[in-house]
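Just so we're on the same page: letters track the sequence lines, and every chain starts at 1.
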Protein chains: 2
Amino acid sequence: MSRTTIDEVAKAAGVSKATVSRVLSGNHKHLRTSTRLRVEKAIQALNFRPSSVARSLTSKRTHTVGVLVADISNPFYPDVFHGIEDSALKEGYSVFLCNTNYDLARGKHYIQSLIDKRVDGVLIMTSSFSQEWLVELERSNVPVILLDWEVQTRGHNVSTIAVDFQRGIQAAVEHLVQWGHRRFAHVGGPPHLQTSKDRRTAFLQAVAAHGIDPATVPVIDGNLRIDGGRQAMHELLSLPELPTALFAANDLTALGILLETRAHGIAVPEQLSVLGLDDIWLAAQSDPPLTTVALPRYEIGQLAMRLLFELLEKPRADYIEVVSTLVRTTLVVRGSTGPAPTGEAPVRVG
Amino acid sequence: MSRTTIDEVAKAAGVSKATVSRVLSGNHKHLRTSTRLRVEKAIQALNFRPSSVARSLTSKRTHTVGVLVADISNPFYPDVFHGIEDSALKEGYSVFLCNTNYDLARGKHYIQSLIDKRVDGVLIMTSSFSQEWLVELERSNVPVILLDWEVQTRGHNVSTIAVDFQRGIQAAVEHLVQWGHRRFAHVGGPPHLQTSKDRRTAFLQAVAAHGIDPATVPVIDGNLRIDGGRQAMHELLSLPELPTALFAANDLTALGILLETRAHGIAVPEQLSVLGLDDIWLAAQSDPPLTTVALPRYEIGQLAMRLLFELLEKPRADYIEVVSTLVRTTLVVRGSTGPAPTGEAPVRVG
DNA sequence: GTGAAAGCGCTAACAT
DNA sequence: ATGTTAGCGCTTTCAC
């Protein structure tokens, strides 16, 4: 039982398949209404749906894109994906989701597979990737949008979305300084990730702008997960002097910190202000709710897809078109930040 | 600059495209090694990759499946997706991810699109769906695996994966009873969802098995989200008598309950035992860590994909093959459950 | 062992 | 306003 084809419809409607094709593609200009209706009725009757596969073979468009993410379980990505998907849906596109699981070889494999499938474009949103991927895509002439927080990008002519961490982090530091904080610390992500460096640098610069020597600011490495935050807070406790405000590289880290402060009887924000970054949904649900630098994830996804469409619209030239955008971050004030404790460093209980 | 085709390879290797096709599909049986090598070299040299689109047109297989989920932001789905993806990858399949956002029309649209794209199969994992979807898929002869916790299934001949909530929930209740609990309550999901009913029924039956009249067990409706849990706990507090153990329909609800107990100074598990269901990663990270009935999400995904492949292997007949499986749930004991408080009902503070 | 030719289900000139 | 004819890039008989 094979699917009904355009030929059968043509036969049923007593026209040629060219005519059927015309009504399919809405080429109503030169079509007698009566025949159009007749064809449409036949289509209905036979429950005919044109094969995208056959269409793609001639049109050279699959209306399909591939999205590579590091790990969809990471709360960052689902929101990005929603943005991508909603933009894609509007243009009638479908999206292949590919988890690299932080595995470059797996990513390479997916890239190949996507190229073979003749996707119209690829979105790379993995936190790290290999140049090889870009090379493959480039020589297959597949447009790419890259979520740019890796240093490798430079030197390659790919379209990118970059995140302006500075803006939001500056606002956050200002907020803390206004509360009287002068002793800060930072819990970063894995130090080899560019995004970790970006966030740390933005923070230290912002702090420096308020006359605080960045060299005096303790920086502890986390892993962008809750347990990393706990661990970091633990280490922080052995410092001779506790800071009054803590900036974590992401919300999960901040949440871990929160958990650990509670275990040690440190009151947030009375004794310690804690600041996250991301604004995942969980941030609003913690106790206390987390003050954080919001990263517009949905918008990032949406934008990435839009940029891709921009690329797709332009007549595919032999040279690579490049488009780029910067995405803003903003401060969301909740309950985990407050006035700096007066007098002594926070008391340690427990 | 169009992609290189099988013809060019044939020309370069000085053979016919039939021969190239043979080496592509590993038809080495009747091929002289020397020619095979020659062709392979040409393939390398031209960086030739056969078009999946063209292949699909003849082979009638796209090596592609569609997965419909309600909302990939729901922590339940990413794990399922990983399972699906890993199984799919092993067989060289790619997967379209489609969020219905709990919108039946959107789901319908995706189904149509997937059919048009000639996917080899569809996995439906939305918490609710419409019969229409199944009808469309059936008449297009597209195999479906359904994550079955909706009543609509019955009467339709679809392959399903069902979840055996009973087993895990029974174990959980037993665990609580052994700790002396006799006064239970349940915070369910939206009452119209079959899965909500299943969980509630399983719980009440398990409780009844220990000689407790289910009619005396308070049941409050939640929404499977944290805020629903908070709200439910709030309502619970106005009851004349507080239970000593609470079973929530899922972990997020339980986490919300935990948050609210803290706000009201109720100690968990000393005054109240709280039990969740799902075992999302967050469950291990809460304070206290959540005791929960684990739902093997990764395995569900893996299994779903495997079942689909089973269907795909069978010669596509005119009648619909049906395969089905039951997935087990298990109890994971952590810190949110403990001995029932002795004497009076828990004291309310704050 | 390898080639020629037909066909998969469409679209897009080019005719009429 | 509609039909005819080539492809699109492969796979697959069927010959030789």
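- Atom CG in A:Leu24 sits about 11 Å away from atom C1' in C:dG9, given to the nearest Å.
- Close to D:dC8, at under 4.0 Å from its OP1 or OP2, lies no side-chain N or O of B:Thr5.
- Ion pairing of A:Arg306 with A:Glu310 is absent here, as no side-chain N (NZ or NE/NH1/NH2) approaches a carboxylate O to less than 4.0 Å.
- Under a 3.5 Å cut-off, the side chain of A:Thr126 and the backbone N or O of A:Ala70 do not form any donor-acceptor pair.
- Listed by residue number, B:Leu57, B:Thr58, B:Lys60 are the residues of residues 50-60 of chain B with a heavy-atom contact under 4.0 Å to DNA chain C.
- Taking only side-chain atoms of A:Ile6, from C-beta outward, the nucleotide of C:dA6, C:dG1, C:dT11 with the closest atom is C:dT11.
- Minimum atom distance to the side chain of A:Arg32 is reached by D:dA1, of the listed D:dA1, D:dG3, C:dC10.
- Between A:Lys17 atom NZ and C:dC14 atom C1' there is a gap of 16 Å when expressed in whole angstrom units.
- An OP1 or OP2 oxygen of C:dT11 is reached within less than 4.0 angstrom by a side-chain nitrogen or oxygen of A:Ser21.
- Nucleic acid contact class of A:Ser25 (heavy atoms, under 4.0 Å, all strands): none.
- Note: B:Phe96 and B:Tyr110 fail the aromatic proximity criterion, with ring centroids not under 6.0 Å apart.
- Taking atom CZ of A:Phe48 as the reference point, atom P of C:dG9 lies 10 Å away to the nearest angstrom.
- Put simply, NE2 on A:His63 is 13 Å from C1' on C:dT11, counting in whole angstrom units.
- In this structure a side-chain-to-backbone donor-acceptor pair under 3.5 Å is missing from A:Arg49 to B:Ile115.
- Aromatic ring centroids of B:Tyr298 and B:His82 lie 6.0 Å or more apart.
- Across the protein-nucleic acid pair, A:Asp7 atom CG and D:dT4 atom C1' stand 13 Å apart, rounded to whole Å.
- Of the candidates D:dT12, C:dG3, D:dA1, C:dG3 carries the atom nearest the B:Arg22 side chain, counting heavy atoms from C-beta on.
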Dot-bracket for DNA chain C, please. Rules: Watson-Crick or G-U, both distances under 3.5 Å, ( ) within the strand, [ ] when a pair crosses earlier ones, | for another strand, . otherwise. ||||||||||||||||

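- B:Leu46 has its CG atom 14 Å from the P atom of D:dG9, to the nearest Å.
- The pair A:Asp120-A:Lys60 does not meet the salt-bridge criterion, since no charged nitrogen lies less than 4.0 angstrom from a carboxylate oxygen.
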Taking it one step at a time, do A:Lys117 and B:Ser94 satisfy side chain to side chain donor-acceptor pair (under 3.5 Å)? CA-CA 9 Å; A:Lys117 288 231 155 71; B:Ser94 304; 3.0 Å; yes

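- For B:Ser59 (side chain) and B:Arg55 (main-chain N/O), a donor-acceptor pair under 3.5 Å exists by modelled atom type.
- Each of C:dA12, C:dC10, C:dG3 was ranked by its minimum atom distance to the side chain of B:Val15; first place goes to C:dG3.
- Remark: the backbone N or O of A:Ala162 is not paired with any side-chain donor or acceptor of A:Thr160 at under 3.5 angstrom.
- The phosphate of D:dT2 (OP1 or OP2) has no side-chain N or O of A:Thr19 nearer than 4.0 angstrom.
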